[in-house]
Amino acid sequence: MEKPADSFYRQLPKVELHAHLNGSISIATMENLISRKPHLNIQHSMTAIRKGQRKTLDECFEVFKVIQRLVDTEEDILMVQ
């Protein structure tokens, strides 16, 4: 039997979940994703903002664009959750 909360969660927009998920991938998982997709030519430094490093908002969004290229299958999503 479905709980009232289940219906509520199904109706929420999923874009924010995706953004939070991609922003919380561990270093080890990121390295695993990069190694599984060498054809993308992505370096780990392209997927992280180091502590104390300053980036513009546009540069931050570029990091997320790179991560979106790495996390593009159901298997990838299952790996990073």
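What you see is a predicted model; the values in this text were computed from it and never measured. We're numbering straight along the sequence, starting at 1.
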In terms of heavy-atom contacts, A48 and V63 come closest through N-CG1, 4.0 Å

task = For E59 and T56, indicate whether the former's side chain and the latter's backbone hold a donor-acceptor pair under 3.5 Å.
result = yes

Rounding to 0.5 Å, atoms CZ (R69) and CZ (F64) come to a distance of 15.5 Å

Return all side-chain donor-acceptor pairs below 3.5 angstrom for residues 74-81, not counting sequence neighbours, or 'none' if the list is empty.
| from | atom 1 | to | atom 2 | distance (Å) |
| --- | --- | --- | --- | --- |
| E75 | OE2 | R36 | NH2 | 3.3 |
| D76 | OD1 | R36 | NH1 | 3.4 |
| D76 | OD1 | T73 | OG1 | 3.3 |
| D76 | OD2 | K37 | NZ | 2.5 |
| D76 | OD2 | D72 | N | 3.1 |
| D76 | OD2 | T73 | N | 3.2 |
| D76 | OD2 | T73 | OG1 | 3.0 |

Next item on the list: Determine whether more than 12 heavy atoms belonging to other residues, nucleotides or ligands lie under 6.0 Å from atom CG of L57.
Entry: yes

Value for CD1 (I27) from CG (N32), rounded to nearest 0.5 Å, stands at 13.5 Å

Rounded to the nearest 0.5 Å, the CZ atom of R50 sits from the NZ atom of K55 at a distance of 9.5 Å

Separation between NZ (K65) and CD (E62), nearest 0.5 Å, reads 4.0 Å

Give the intermediate values and the outcome of side chain to side chain contact (heavy atoms under 4.5 Å, CB included) for residues L70 and M30.
-> CA-CA 8 Å; L70 285 169; M30 189 64 70; 3.7 Å; yes

Applying side chain to side chain donor-acceptor pair (under 3.5 Å) to E31 and S35, what does each step give before you reach the verdict? CA-CA 6 Å; E31 289 172 356; S35 70; over 6 Å; no

Separation between OG (S45) and CD (Q53), nearest 0.5 Å, reads 9.0 Å

The residue among V71, T47, L40 that forms side-chain contact (heavy atoms from CB on, under 4.5 Å) with L33 is V71

Q) Is the shortest heavy-atom distance from the side chain of I67 to the side chain of I42 under 4.5 Å? A) no

